[in-house]
Each structure stands twice: as structure tokens, then as C-alpha cells.
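First the structure, in the form of C-alpha cells, and then the observations on it.
Just follow the structure's listing: the first ligand is 1, and inside any ligand the first atom is 1.
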Amino acid sequence: MGSTVAAALLIFLAAVPAALAVTFKVGDISGWTSGIDYTVWVTGKTFRVGDTLEFIYGLSHSVSVVDKAGYDGCDSSGATRNFFDGDTKIDLTTVGTMHFLCPTFGHCLSGMKLAVPVLAAAPSPSTPSSPPSPPSPPSLPPSASPPANGTPDSETLTPPPTPLTPSSPNAASKGVMSYGIIGVTMILMYGVMT
Ligand SMILES: [Cu+2]
């Protein structure tokens with residue numbers, strides 16, 4: 001049973017990265033506001049066609065979609081779209097760099113602008129090119145092995161149910177992994193006691 005669960009979990013983990021589009025909350029918990037360096041926020045992230053940007057902002061801000069010249073010069077006069085609703089979701093539909101700025105006076109000049117490089121949609125699993133984020137191989141805690149000599153101590157035999165990967169997708173798979181670890185522990189205890 002344990003191997004079946006593990007196999008199902010592996011299939012699940014392998015299928016997720018290619019299947020899910022990502023919604024990026026611009027600025028993360030800070031949102032779309034003054035005083036944030038959005039070039040830093042963009043660094044290290046991969047944006048793809050099919051993903052979504054979500055701008056969350058207060059009344060003093062808005063979002064203008066501009067071209068590179070508008071971005072460089074903080075000029076929103078040529079904006080193709082403007083949003084004021086405080087929670088703006090923009091779908092990334094084409095490959096290339098999208099440019100945004102806040103047209104409130106002075107905000108763009110103080111850094112409230114965003115350039116997002118958009119790549120092609122994520123490759124399908126059958127494509128031989130490198131996947132965006134291969135799951136790191138899990139490392140089981142070594143404390144599950146019983147002592148070679150002496151009586152087994154039940155406390156040392158039950159490690160905490162740590163998730164196998166740092167980014168566990170949901171609580172359900174955590175529960176499955178917990179059952180797997182408990183099952184392995186029980187098998188080890190049974191082997192020691194017989
Ligand atoms: Cu602003």
C-alpha cells in the first residue's frame with residue numbers, strides 16, 4: 001500500500017508544474033505601492049504566457065499598461081490600458097516584455113513601475129527540454145532507523161511528520177506523507193520487536 005501511495009504522490013507532483021498557470025501577486029504582501037523596487041521583485045521569477053499578474057493597491061494608485069518608452073520615461077500618455085479598481089488582474093497572453101507604471105504624479109519616478117519578461121507557455125511533460133522546476137529528491141529523516149542494540153524506545157522511533165519537499169502542494173498530500181511515515185515506522189517497530 002505504501003508504495004502505491006508513494007507512486008501516486010510522485011505522479012501528482014510531476015504533473016502539477018506543467019498543468020497550473022500561476023497568479024503572481026505584484027509586490028507580494030506589499031502589493032502595488034510606493035517604495036518598492038519592482039525590479040527586485042521580478043528577479044528570480046519566471047513569467048509565462050497563461051500566467052496572471054494581480055495588482056492590489058489603494059486609492060492613490062492605479063495601473064497603466066505602457067510601452068518601453070513610456071516605462072523608461074515614466075510617461076503614461078500613451079498607455080494602452082488603465083485600471084483603477086484596486087484589484088487588477090492582467091493575463092499574460094503574449095511573449096515579450098510587458099510594462100506597467102503608476103500614473104500618479106511622482107510615483108513612477110520614485111520607482112513604481114514594473115517590467116515583466118513573459119516567456120512562452122510551460123512545455124508539456126513529454127518535451128525533452130528542461131522543465132521549469134524539477135522536484136528535488138526527497139530525503140527521509142534518518143532518525144527512523146531503530147538502534148542496533150538495546151531496547152527500542154518508542155519516542156525515538158516516531159520522527160515528526162516532516163514534508164518530503166519544502167513546497168508541499170496541499171494539506172491532503174501532507175496527510176498522505178504522514179501516513180506513509182507512520183506506516184514505515186510501524187513496520188520498523190514490528191521488525192525490532194519480533
Ligand atoms: Cu502610485
Pairs of donor and acceptor atoms involving the side chains of residues 87-94, under 3.5 Å and at least two apart or interchain, shall be tabulated with distances.
{"unit_1": "Thr88", "atom_1": "OG1", "unit_2": "Tyr57", "atom_2": "OH", "d": "2.6"}
{"unit_1": "Thr88", "atom_1": "OG1", "unit_2": "Asp85", "atom_2": "OD1", "d": "2.6"}
{"unit_1": "Asp91", "atom_1": "OD1", "unit_2": "Thr52", "atom_2": "OG1", "d": "3.0"}

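Taking the six-membered ring for Trp and the full ring otherwise, Phe100 and Tyr38 have centroids separated by 6.0 Å or more.
Two different hydrophobic clusters hold Tyr71 and Phe47 under the rule that ILVMFWY side chains link at heavy-atom gaps under 4.5 Å.
If you take CD1 on Ile29 and CD1 on Ile56, they are separated by 12.0 Å, rounding to the nearest 0.5 Å.
Between Cys102 and Cys108, the SG-SG separation does not fall below 2.5 Å.
Around the Cu ion (ligand 1), the protein atoms of type N, O or S found under 2.8 Å away are His61 ND1, Cys102 SG, His107 ND1, Met112 SD, listed by chain and number.
Judged purely by atom type and a 3.5 angstrom limit, Asp28 has no side-chain atom pairing as donor or acceptor with the backbone of Ser30.
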